[in-house]
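Small disclaimer: the values here were computed from a predicted structure and weren't measured. A, B, ... follow the sequence lines: proteins, then strands. Residue 1 opens every chain.
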Amino acid sequence: MDQKVRVRYAPSPTGFLHIGNAQSALFNYLFARHFNGTMVLRIEDTDTKRNVQTGEDSQRENLHWLGIDWDEGPNKPNPKYAPYRQSERNAQGIYHKYVQELLDKGIAYKDYTTEEELQEMRERQRANKEAPHYDGRWYGKSEEEQKAAEAKGLKPTIRFHFPKDHEYQWDDIARGHVSFNSDNLGGDFIIEKSDGMPTYNFAVVVDDHTMDITHVLRGADHISNTPKQMAIYEALGWEHPVFCHIPLIFNPKTRKKLSKRDKDTLQFINEYKKHGYLPEAIFNFIAFLGWSPKGEREIYSKDELIKVYDPERMSKAPAYFDQKKLDWMNAQYIKQMDIDELADRTMELVKEGETEEAQRLQSIPEDELRELLKKTIHVHQRDVNKLLEVIEYAWSYYTVLDEHFNYDQLIDNEDFTKEDLLAVLNGLKDKLVNGGADLDYSQAIKEVGKETGVKGRNLYFPLNLAFTGSTSAPQIYEIMDIYSRKTDLELLDRMIAAVEA
RNA sequence: GACCCGUUAGUCAAGUGGUUAAGACACCAGCCUUUCACGCUGGUAUCGUGGGUUCAAAUCCCGCACGGGUCACCA
């Protein structure tokens with residue numbers, strides 16, 4: 001790159017950070033960092049009807065959580081390029097200035113067609129099996145006709161007039177050579193709405209140019225917008241940036257673009273956060289949606305991804321969202337992270353209390369909770385996919401005495417005699433009663449085995465059942481350590497009573 | 001309907017004319033283990049289809065089928 005790279009992530013603040021937005025932000029981020037360029041955050045809030053007050057904050061918070069930061073944006077303005085919200089830019093007349101230029105050149109014109117008329121036009125075209133398009137009815141109209149429309153109280157939109165039979169083509173980093181003919185782009189399109197706001201296709205060109213954006217990485221759903229934007233670049237005598245259209249994320253079940261209505265998939269980054277996915281894992285996972293590095297490795301830290309990121313390796317085919325693979329990847333991160341760090345993060349989740357499960361733990365005093373979580377993580381780090389599961393386990397251990405276990409599966413099992421069961425349970429009970437605070441549970445169980453002559457599953461199954469309600473459990477001495485000595489004894493007594501009954 | 005694009009195992013996904021067609025997830029089997037899990041080892045592909053080009057095609061070209069994206073005073 002001989003010229004300083006500048007890229008942008010330009011969301012419209014209409015809701016939470018969606019996985020598709022995150023993907024787009026992430027590739028821009030990787031691109032900027034890999035090439036030592038500048039990452040810009042621009043807010044595209046020209047749709048006054050759909051803007052959500054909290055949308056921008058949500059974008060910011062969730063990007064931050066993911067580990068994506070930027071060098072310029074509404075909160076970090078560079079005076080040379082500010083402001084970074086299109087509504088503010090519009091208020092400064094930035095867009096209108098160029099609209100006027102196109103009007104003066106006769107490339108843009110006022111259109112007084114009403115919404116009803118447009119709809120009618122589209123319906124008629126559809127009925128005639130034509131591609132829906134604007135028919136250019138207001139192109140080249142006289143000033144008198146415009147005045148007459150004004151007199152009726154009509155407010156015009158400004159349309160861009162396409163040249164006839166003109167090829168727009170570019171070399172897309174991801175897609176290769178792409179070309180469109182001006183004749184089938186849907187007719188002259190609106191660049192300024194009747195409320196004076198620029199449309200997306202116009203504002204994006206003005207902003208990318210005036211902000212010196214060198215590379216535009218965005219979702220593949222923008223491919224067919226690109227020729228329109230190129231037409232504007234051309235009309236204004238500007239050079240267009242390099243384009244890279246990122247493959248869309250598909251839902252494997254519907255085989256369509258991931259839709260916000262697909263209930264089977266978590267759509268928003270904040271949902272992943274509250275379920276206890278680690279941002280490192282999500283970052284890693286999203287980087288592999290539509291891109292892959294050379295080689296067979298799949299686990300990469302953010303810094304490693306920045307290093308190996310190669311835009312030439314962007315895929316063309318859509319990326320299918322595989323929830324199970326994400327779970328696996330998150331589990332990999334959990335396995336390699338140390339317990340204190342995991343405990344900190346789980347504490348964080350509890351404090352935020354965004355799920356019922358997390359809220360329940362808020363009743364536990366902080367020091368006690370931290371101990372409980374550390375012990376729970378120690379036991380379950382290897383088998384848990386997300387931190388919410390740690391929270392669930394912790395709660396089940398905390399409230400174990402409220403549960404009523406069913407001991408019948410061993411009592412009614414001919415492989416386990418009543419005598420052996422009692423010998424084991426009472427044997428361990430003795431150790432617990434007589435042992436000091438530093439009693440080694442693992443050692444104690446082994447001794448019980450030796451003293452009673454009961455071993456293997458006959459030794460461990462009863463203990464598993466007594467302490468967890470199930471014959472299969474992780475290392476039982478670790479579970480015993482999660483509970484208080486008093487609870488351990490209570491659980492043993494309960495089973496002893498059941499066996500004797 | 002028009003215009004663009006895609007199609008490699010159950011699911012993803014490498015692969016850019018000559019490979020035993022990577023790897024991951026899931027699944028199954030074996031090993032390990034008191035059990036569960038983790039971990040380890042092994043297992044599964046005539047590369048959508050029909051034609052070309054070539055000594056040689058998953059890779060290049062054409063047709064077909066299927067799938068998708070886009071055709072807003074949304075971004």
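Between A/Y272 and A/Y277, a ring centre-to-centre spacing shorter than 6.0 Å is recorded. For A/H222 and A/Y200, the ring centers are positioned less than 6.0 Å apart. Between A/Y109 and A/Y139, the distance separating the two ring centers is shorter than 6.0 angstrom.
In this structure, CD1 on A/I334 lies 7.0 Å from CG on A/N385, to the nearest 0.5 angstrom.
Nucleic acid contact for A/L248: sugar-phosphate only, since backbone atoms but no base atoms lie under 4.0 Å from a heavy atom of the residue. A/K325 comes within 4.0 angstrom of a nucleotide base, judged by non-hydrogen atoms across all strands. Nucleic acid contact for A/Q475: base, since at least one base atom lies under 4.0 Å from a heavy atom of the residue. Residue A/F250 is in sugar-phosphate contact alone, with no base atom involved, counting any heavy-atom pair closer than 4.0 Å across all strands shown. Using a 4.0 Å heavy-atom cutoff across all strands shown, A/R42 reaches no nucleic acid atom at all. Contact annotation for A/H222: base contact, defined as any heavy-atom pair under 4.0 Å involving a base atom. Heavy atoms of A/K257 sit under 4.0 angstrom from primed sugar atoms or phosphate atoms, though from no base atom. Nucleic acid contact for A/S179: sugar-phosphate only, since backbone atoms but no base atoms lie under 4.0 Å from a heavy atom of the residue. At the heavy-atom level, A/D221 lies under 4.0 Å from the strands shown only through sugar-phosphate atoms. Within 4.0 Å (heavy atoms only), A/A317 reaches sugar-phosphate atoms of the nucleic acid but no base atom. Across all strands, A/R126 comes closer than 4.0 Å to no nucleic acid atom at all (heavy-atom distances). Using a 4.0 Å heavy-atom criterion, one finds that A/T113 contacts the bases of the nucleic acid, with or without backbone contacts as well. Among the heavy atoms of the strands, none lies under 4.0 Å from A/N128. Nucleic acid contact class of A/T46 (heavy atoms, under 4.0 Å, all strands): sugar-phosphate only.
Shown here are the side-chain hydrogen bond (donor to acceptor under 3.5 Å, both in side chains) partners of A/N62, two or more places apart in sequence or in another chain: A/S58. Residues that satisfy the side-chain hydrogen bond (donor to acceptor under 3.5 Å, both in side chains) test with A/E150, not counting sequence neighbours, are A/Y112. Every residue meeting the side-chain hydrogen bond (donor to acceptor under 3.5 Å, both in side chains) condition with A/E451, not counting sequence neighbours, appears here in chain and number order: A/K431. When the side-chain hydrogen bond (donor to acceptor under 3.5 Å, both in side chains) test is applied to A/Y29, the partners found at least two apart in sequence or on another chain are A/K302. The salt bridge (Lys or Arg N to Asp or Glu O under 4.0 Å) test applied to A/E304 returns A/R297, not counting sequence neighbours. A/E392 meets the salt bridge (Lys or Arg N to Asp or Glu O under 4.0 Å) test with no other residue; sequence neighbours excluded.
Figure legend. B/rA22 is base-paired to no nucleotide; pairs are counted as Watson-Crick or G-U wobble with both atom distances under 3.5 Å. In this entry B/rC4 has B/rG68 as its Watson-Crick or G-U wobble partner, both defining distances falling under 3.5 Å. Remark: B/rC47 base-pairs with no nucleotide in the shown strands. Criterion, Watson-Crick or G-U wobble with two distances under 3.5 Å. Look at B/rG17: it lacks any Watson-Crick or wobble partner with both distances under 3.5 angstrom. If you check B/rG39 for Watson-Crick or wobble pairing at under 3.5 angstrom, you find it paired to B/rC31. With a cut-off of 3.5 Å on both pairing distances, B/rU54 has no Watson-Crick or G-U wobble partner at all.
Remark: the separation of the C1' atoms in B/rG67 and B/rG48 is 10 Å, to the nearest Å. When the C1' atom is used for both B/rG23 and B/rC66, the distance is 28 Å, rounded to whole Å. Across B/rU46 and B/rG50, the matching P atoms stand 13 Å from one another, rounded to whole Å. Taking atom P in both B/rU41 and B/rC4, the straight-line distance is 49 Å, to the nearest Å. Of the C1' atoms belonging to B/rC38 and B/rU34, the separation is 16 Å, rounded to the nearest Å. Remark: the separation of the C1' atoms in B/rU53 and B/rC71 is 37 Å, to the nearest Å. One C1' atom belongs to B/rU8, the other to B/rC55, and the distance between them is 25 Å to the nearest Å. Rounded to a whole angstrom, the distance from the P atom of B/rG43 to that of B/rC25 is 15 Å.
Taken residue by residue, residues 375-387 of chain A places heavy atoms nearer than 4.0 Å to RNA chain B at A/R382, A/D383.
Along RNA chain B, the nucleotide nearest to A/E298 and the one nearest to A/E44 differ in position, and the one closer to the 5' end is contacted by A/E298. Remark on RNA chain B: of its neighbouring residues A/N184 and A/K228, the 5'-side contact belongs to A/N184, judged by nearest-heavy-atom nucleotide.
Residue pairs meeting the ring pair (Phe, Tyr, Trp, His ring centres under 6.0 Å) criterion with at least one member in residues 311-335 of chain A, sequence neighbours excluded, are A/F250-A/Y320, A/F285-A/F321.
When RNA chain B is scanned 5' to 3' for any atom under 4.0 Å from a heavy atom of chain A, the first and last hits are B/rG1 to B/rA75.
Side chain of A/N330 to main chain of A/L278: a donor-acceptor pair is present (N/O by atom type, distance under 3.5 Å, no hydrogens or angles).
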